[in-house]
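Take a look at the structure set out below.
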Amino acid sequence: MKFFGFLIVSLCGGLLLYASSEFPDWGDPDSPASRHLSPHYIEESLAETGVPNLVTSVLADYRSFDTMFETAVIFCAGLACLLLLRKYKPETDRYYRHIPTGVILHFKNSRKSLPVGSEFELMDADWVPYDLVIKTVCRILIPFIQLYALYVVAHGDFSPGGGFQGGVIFGSSLILLAISYNLRTAVQRIKERVLGFLCVLGVLIYAGLGVLCMFLGGEFLDYSRLAAILPADPVHVRALGMLGVEIGVGIAVMAVMAAIYVNIASAGRHDEGL
Amino acid sequence: MNALFLGTALFLCFLMLFSLYRAIFGPTVLDRLVGVNAIGSKTLVLLLLIGMIYGRVEMFVDIALAYGFLNFVTVLAASRYFHKRKGLYGESEQVQSEE
Amino acid sequence: MELLINSFVVICLVSGLVFFAGGSVGIIRMPDFYSRLHPAGKLDTLGIMAVVLGLALFELKQWSLASVLLSLKMMLIVFFVFLSSPTATHSIVDAGIRAGLAPWTKTKRS
Amino acid sequence: MHWQLDLFILTLVIFCALAAISVKDLLSTAILFGAYSFMMCLLWAGMGAVDVAFTEASVGAGVSTVFFVAAVFRTTRRTKD
Amino acid sequence: MKKPVFPADSPLVRRLQSAFSFVCTFCFLFALWLVLSGKFEPLLLGLGFLASFLVAYFFHDLLFPGFHRSYFASSIRFFAYIPWLIVEIFKANFHLLRLVFHPRMHDLIDPHIVSIRTGLSKDMSIVTMANSITLTPGTITVTANREGLFTVHAIDRKSSRALPGEMLGKVAAVFGDEVERIE
Amino acid sequence: MVDLLTHIVAKYNYWLYIILMMIGLYAMIVKNNLVKKLVGMNIFQTSIILFFVSIGYKKGATIPIIENAHGNGHGGKQLLIRAADYINPLPHVLMLTAIVVSVATFGVALALAVKIYQRYQTLEEDEIRMRLTRK
Amino acid sequence: MNSVAPALLILAPFLAALLCSAFSWLERRLCFPTALLGLCVSLLAALDLLLQAGPAGVIQYKMGGWSPPFGIEYRIDALSALVILIIACIALLNLAASHRQVLRDMQDRFGTFYAVYLLFVTGLFGVTATGDLFNLYVLLEITSLTGYALIAMGDGDRGPLSSLNYLFIGVIGASFYLLGVGYLYIMTGSLNMVDVARLLPPLYGSSAILVAFVFCMLGIWIKMALFPLHVWLPNAYTYAPAAVSRVIAPLMTKVMVYVMIRLMFTVFGLEYVFEQLDLSRTVVWLATLAVLAGAVMALAQRDLRKMFSYVIVSEIGYMVGGAWLGNELGFTGAVLHILNDALMTFALFLVLGNLLFRLRGVSFEDLRGSFVGMPWTMAGFVLAGLSIIGVPPTCGFFSKWYLILAGLEAGAYQFVAALVLSSLICAVLFFRIIEIAFFEAPGPSSGDTGQNGQLREAPVSMLIPLGLVSISLLAVGVYAGSVVRGVIAPFLGLYPIP
C-alpha cells in the first residue's frame, strides 16, 4: 500500500510540477489572472456597488449566487450532523449530586428523576468540579466576544470579515460557554429548537432577499431593485443588500457551528460533553 | 522603519522554530499544547507586523483581535480534555515518557 | 518628536523580542512541563504587550481620531491577552495535575 | 510581502503538516493541526488575502480544532500510525 | 440578626438586579462598539445599538451576575491596581529572563508546589489573585477554590517565599474583601 | 543553469504547494487511521487554497480593500483606482467558499468518525475490516 | 426580461428544503407536502425549459443581474434541459414512491431527511444548469455532502463506514476538479465556461492546459466511478437506505457523465479534445475495460444490490466510451444512454426498494419464489432487465445500437466486442435471477412480513411509480428517434464534431 500510494503521489506531483513551468511568475502583475477579470472588479466595483472591500463586493454581489450555496453547504453540514448523530432517547443512567453534602447518587436503568434545583444537581458521568478561574474569566469574556462577532458581521463592507467570520466567532463564543460551564447548561440556555430555527432563518434571509428582488422585477439577487422599497439610491442599496445577506450568513453559520459542536461533543445526546 | 518591522517579523519566525520544536517533539501532549500556545501568541504579533509592512494595519488588527480570543478557546478545549479524561498518555506514548 | 517616538518604538520592539526570545529559549531549556509553562505563559504575554505597545505608539505618529482609535484597539488586544493568557496557563497546569503528571524536582535529578 | 518571510513560513508549514500526520497520538494531531492552521493564516495574511486569513483564523483557531478535540474526546486517542 | 428589608430572592430585587446588569452590560458593550467601529454613521451606530442590545439582553447575567453596591468603587480601584501589577510583572520578569538564559539554569531552579491560604472569599477577588499570581513570574496558580485556598507551582524558592506578600492586601482592598491574617 | 535557477525561484510558491499537496494526498492514501486520513484530507484542501491565493498575489500591490474610500464611494469626488495597485480579489472570494466547504466536510466527516467509533470501538481501518470479516 | 424558469428550477427545491427543515421542528406532517410541492414546481420549470430550449438554442439567466464573465450565468441548452427533466422526474417519482418507506425507517427524523434530499436534488439541478466553472464545484460539493449524509443513514452496520470512504474519495475527486479549474484560471483568468472556451484556442499547446484537462477529467471520473476509480461505489450504493440509493444510483453518475460531456464540448472544445490530444484511443480502451470489469464483477455477486452496483459500473463504461469515440453516432448513443440508463437503473432500484420493503434481504436465497408473492414488482424487474440486456422493443436496445454503430465507424472493435459480451453477461445475470424467482419454491429463510406468513405485493404507492417507469422504458424506446431529432441534433448543431 505504501509503495502504491507513493507511486500515485509521485505521478500526480510530477504532472503538476511539469505543468507549473508554464505558469506566469509568482506575483507577476501581467499574468492573465490579473489582467482579464480582476481589473473590472477593482476599478468599477466601488462605483457600482459602493463597497470598499472588494472581496465582500465580489463575494456578496457579483458572485452572490455562489455564496448562497456556500451558506447552503454549511446548512447541509448542520443537517447532516443532526441526521447522523442525534439520539432523542435520554440515557437511563443518571447521576445526581446532593449539593449541600456533595454526595453523588447514581440511578441505574430507572426512569425516575429527582427534582433538579437548589438541592439536587444533574451531573455528567465524568463530572469534574467547576474551575472557578476559568469560569469567571469566560463569563467576562463571552459578551465581549459576541459583540466583537457582531461588529465583524456589520463591518464586512469596510474591513476584512463579514458574515461567515462573524458567525464563526459568535459560534465559538457559544462553544466557549459550553466548555467553561458545562454542556448541559449551554444546551439549556440555547435550546436546540432555537438553533434549528436560526439555521433555517439565516439561509432563508439570504434566499428571501434574492426572491424579493425577483418580485421587484429583477433577476435573482439583483439588489439594485431593492431601491424601490428602501430609501437609498441604487448604488448604495446594493451595499445595504449585501449587509442583509451577510447578516443572514452570520446567523446561519453561528447556529450551525454551535449545533455541530454540541452534537459531536455529546455524541448526539445533548447532555454531557467536553 | 519597514526594515525594522521585517527584521522583527523574521526574528519572530525564527523563534517560532523553537516553539515548533516543542510542539513537534513533545514529549507529552501538554508540552505540545504549550508549544502551540506560544506559536499562537507569536502569530498574533506577526499578523500586526505584516499589517505594518503593508502599511494597512487597521485591516489586520481585527484578525489579531480574533486570534486573541480564539487561541484561548482552543487551549481551553484541549486542556479540558484532561479534566474529563484521566490519563495523560495514549498507549503509544507510554514508552517515550518513561525514560 | 518623531525621532523620540521612533526610538521609543524601537526600544519597545527590541525589548519585546528579548522577552519572546526568553520565552522560546525557556520552552526548550526547562526540564519539565510545569517549569516550561513559566516562560511560555508569561514572557510571551509580556512580549506581546511590549511589541503591540510599540506598534500602537508608531500608529500614533499621525495624530487623528482614526489612529487614536486604532491604538486603542491594539491596547484592547493587550487587555484581552492579559485576561486570557494567565487563564489559559492555569488551565493547562490544572490539566497536567489532573492527568497525573508528576512535577520535576531537584531530588529526582541527583 | 517579502519573500524571506513567505519562504520561512512555508517551510514551517511543511514541517507542521509532516508532524501532524506522523505523530502517534490523535490529540497531538489535533493540536498540531491547530498550529498548521495558524501558519496558514499567516501565509495568507502575508499574501494580502486578509479575508481568507480572517476566515482561516476564525475557523482554524475557533472551530475546527475544537471540533477535532471534541471528536477525539468522544472517540479515542489511539492510533497506530 | 436583623431581617433585611428586601430578601435577596424576592422577585422585585431580582428584577432590579437584572435590569441593573442589563444596563451596565449595554453601556460597556456600546462603548466597546464605538472603539471597535471608529465610524460614526447613523447606520452603523444603529447597528451597534442593536448589537449591544441583543447581546446584553440575552447574556447580561454573564458579565454582572448580581447587583452589588461596591461595583463602581471596585472597578475604579481595579484600574488603579493594574499599573502596579504591570510594574510588578516587569520587575519579576527580569528574574525569569535571567533564569532562562543562565548557563547553569538547572542548578538555580527548584520547582515545587506550595499551598497558601488567603482568606479571600469573593469570586472576583479570587480570580484576580489567581491571575496575578500566574502573571508574576516564578509562580503559577494550579488550583484556586472558593475558600481562598491556592495551590501554586513555583519555579524556585525565592518566588514562593514572596507569596502572598503585598499583592494579597492590594487585591483584598480592591474588592473590599476581609482577610484574616494567617501567619 | 542560471536560467533554471531564476525559473525555480520565481515560482517557488507553486513548487512548495505541490509538496504540501502531495503530503496530504499521501496521508490520505497510506494512513490506516480514519482521523489521520481526515487530517491528510484537510492538508490537501488547504494546499489547493494556497495555490489559488498564490494566483491572486501581485507584487507591489496592496490588500484588496480600497483606501480612503469611506464616504466617497458615490456622489462625492471620484477616487482614481488603478488595477495594478490592488491584489486580485477573485481568488480570495473563491477560496473563502472553498474554506467553508472544507470546514463543512470536516464537520460531517468527524460526525461520521464518531458514529463509526460507536459501532466498532476503533478508528483503525484494518481492525474495522477484521471485525467485519469475522462476523 | 428573461424567463424566470432557470431560477425557479433551483429555488423551488431549495426553499422547500429550508421550509421542510423548519417544519421538522414545528409540524411534521407538513414536510412531505412541502417537498412534493417544491419538486412539482421544478418539474414544471424543467418542462418549460425543455420546450423553450429546443427552438431557442440556449437559455441564459444572469444571477444578480451581472453580465456573464463578471457574474454567474446559467446556460441551459437542449441537452441540459433534457437531463434536468430526467432529474426532476426521477426525484419526484422517488419522493412519492419512498414516502412510506421513509416514514417507516426514519421515524422522527424524516423532516430533516426530506430537507437533505431536496438539497441533493437542488445540487444536481445546479450542476446541470450552471455556466460557471467554480459554481459547478460548489454545487458538486452540495450534492456530495448531502450524498454522504444520506448514504450514512442506511444500514447501521456498514453505512457510516462506506460513507466515510466515499467522502474521502469524493473529496479527492472534487479537489482534483478544483485544481483543474485553478490551472484554467491561472492560464486564462476567467471562470465562465463560454469565456474560457473563447480564450483557450491560443493556449492549446500549453502543458498547463493539458494538466488542467487531465485533472478535471480525473476528478469527474472519480465522482462518476469509471472503472479503476470505482472502488467507493459498490459499498456506498449497497449500504445506503433504499429511498436514497434509488435517487443517487440513477442520477449521480449520469449527471457526472453529462458534466464530462459539457466540459469536453463547451469548455475545452472538441477540436482540443479530439485533435490536439491523442487521448481518445486510451480512454476508449479504459471504457472497454470498465464495461468488461463491471459485467464480470457483477457476475460474481450473490446480492442483488451489489450486483446492480456493478452493472452501473459497466454502464458508465458505455457512456464514457460513446462520448470519447469522437463521432456523431457515438455521441448520440452516449446521450441516449444517459436517458435510458437513468430510467433503467431507477426501475431496477425501485424493484429493489419494493423487495426490501417486504423481504429481509435481497441475496439470491431470499428471492426464491418472489414472483408468486409480488408479481407486479417482478414484472417490472423483467422489463428493466430486458432493457439492460438490450432487447429490441425496450429503450436499452437503441442506445446500444448507436454505440455499436459508432464503434464500428471509429474502428474501435474492442469496444464493440465488449458491448456485445457484456450484453450476453447481463442476459445470464438476469435470467439467472428470473429463474430463481420464478421457478424455485419459496424457502424457509425468505423473511416475509405478511400477516398470514404469505409474501405480499408492495403497497400501491410504490407500485405506481414502478409502473410509470416501466411504461416509459417502452415509450422512450419508441420515441428514441424524436429524442435524437429534438434534442441531440440541435445540440450537435451548436457544437459540431470535427
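Any value given below was found using the heavy atoms of this structure, including those in side chains, with hydrogens, waters and symmetry copies removed. Letters go in sequence order (proteins before strands), and every chain restarts at 1.
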- Message: If we define contacts as heavy-atom pairs under 4.5 Å, which of G:L11, G:L119, G:L26, G:L145 has the most with chain A?
- Response: G:L11
- Message: Taking every non-hydrogen pair under 4.5 Å, which of G:N192, G:T146, G:D195 racks up the most with chain A?
- Response: G:D195
- Does the ring centre of G:F134 sit less than 6.0 Å away from the ring centre of G:Y185? no
- With G:Y148, the ring-ring contact (aromatic ring centres under 6.0 Å, His included) member among G:Y166, G:F168, G:W232: G:Y166
- Task: Might you point out which heavy atoms bring A:L37 and G:G189 nearest each other, and give the distance in Å?
- Result: CG-O, 3.5 Å
- Anything under 30° is parallel, anything over 60° is perpendicular, the rest tilted; go ahead and classify G:F213 against G:F268. perpendicular
- Task: Just give me the residue among G:Y137, G:Y183, G:F70 that pairs up with chain A most often, heavy atom to heavy atom, under 4.5 Å.
- Result: G:F70
- Query: Between the side chains of A:D157 and A:N53, is a donor N or O closer than 3.5 angstrom to an acceptor N or O?
  - Reply: no
- Side chain, backbone, both or neither: which part of G:F120 has a non-hydrogen atom closer than 4.5 Å to chain A? neither
- Between chain A and each of G:S21, G:S206, G:G64, count heavy-atom pairs under 4.5 Å; write down the option with the most. G:G64
- Let me know if G:T122 has heavy atoms under 4.5 Å from chain A in its side chain, its backbone, both or neither. side chain
- Note on the structure: Honestly, the part of G:L139 sitting under 4.5 Å from a heavy atom of chain A is side chain
- Query: Is chain A contacted by the side chain of G:Y74, its backbone, both, or neither, given a heavy-atom distance below 4.5 Å?
  - Reply: side chain
- Most contacts with chain G, counted as non-hydrogen pairs under 4.5 angstrom, among A:E192, A:R193, A:R35, A:H40: A:H40
- So what's closer than 4.5 Å to chain G heavy atoms on A:Y223: side chain, backbone, both or neither? neither
- Query: If you look at every heavy atom in G:G38 and G:A16, which pair is closest and at what distance?
  - Reply: CA-CB, 3.9 Å
- Item | Region of G:W66 in contact with chain A, defined by heavy-atom distances below 4.5 Å | side chain
- Query: Of the non-hydrogen atoms in G:C20 and G:L118, which two are nearest, and what is the gap between them?
  - Reply: SG-CD1, 4.1 Å
- Heavy-atom side-chain contact between A:Y206 and A:S64 under 4.5 Å: yes
- Message: Taking every non-hydrogen pair under 4.5 Å, which of G:I72, G:V138, G:L15, G:V211 racks up the most with chain A?
- Response: G:I72
- Message: Between G:N135 and G:T130, is there a side-chain donor-acceptor contact under 3.5 Å, judged purely by atom types and distance?
- Response: yes
- Greatest number of heavy atom pairs closer than 4.5 Å to chain G - which of A:L79, A:L83, A:L204: A:L83
- Message: With a 4.5 angstrom heavy-atom cut-off, is it the side chain or the backbone of A:R225 that approaches chain G, or both, or neither?
- Response: neither
- Message: Using the side-chain contact (heavy atoms from CB on, under 4.5 Å) criterion, which residues pair with G:Y204? Sequence neighbours excluded.
- Response: G:L200, G:P201, G:E271, G:Y272, G:Q276
- Checking heavy atoms, do the side chain of A:L201, its backbone, both or neither come under 4.5 Å from chain G? neither
- Message: Shorter than 4.5 Å, heavy atoms on both sides: which option in G:A208, G:S207, G:G65, G:A149 has the most such pairs with chain A?
- Response: G:S207
- Among A:D61, A:V58, A:V73, single out the residue with the greatest number of heavy-atom pairs under 4.5 Å to chain G. A:D61
- Among A:C76, A:C12, A:A19, which residue forms the greatest number of heavy-atom pairs with chain G at distances under 4.5 Å? A:A19
- Message: Check whether G:T34 reaches the backbone of G:L30 with its side chain - one donor and one acceptor, N or O, closer than 3.5 Å.
- Response: yes
- Task: Dump the intermediate steps for ring-ring contact (aromatic ring centres under 6.0 Å, His included) on A:F220 and G:Y61, then the final yes or no.
- Result: CA-CA 9 Å; A:F220 184 62; G:Y61 190 84; 7.9 Å; no
- Message: If I measure from the heavy atoms of chain G, does A:V211 come under 4.5 Å with its side chain, its backbone, both, or neither?
- Response: side chain
- What pair of heavy atoms forms the shortest contact from G:S162 to G:A236, and how long is it? CB-N, 4.1 Å
- Task: Below 4.5 Å from any heavy atom of chain A, which atoms of G:I209 appear? Answer side chain, backbone, both or neither.
- Result: neither
- Query: Contact part of G:A7 toward chain A, heavy-atom cut-off under 4.5 Å: side chain, backbone, both or neither?
  - Reply: side chain
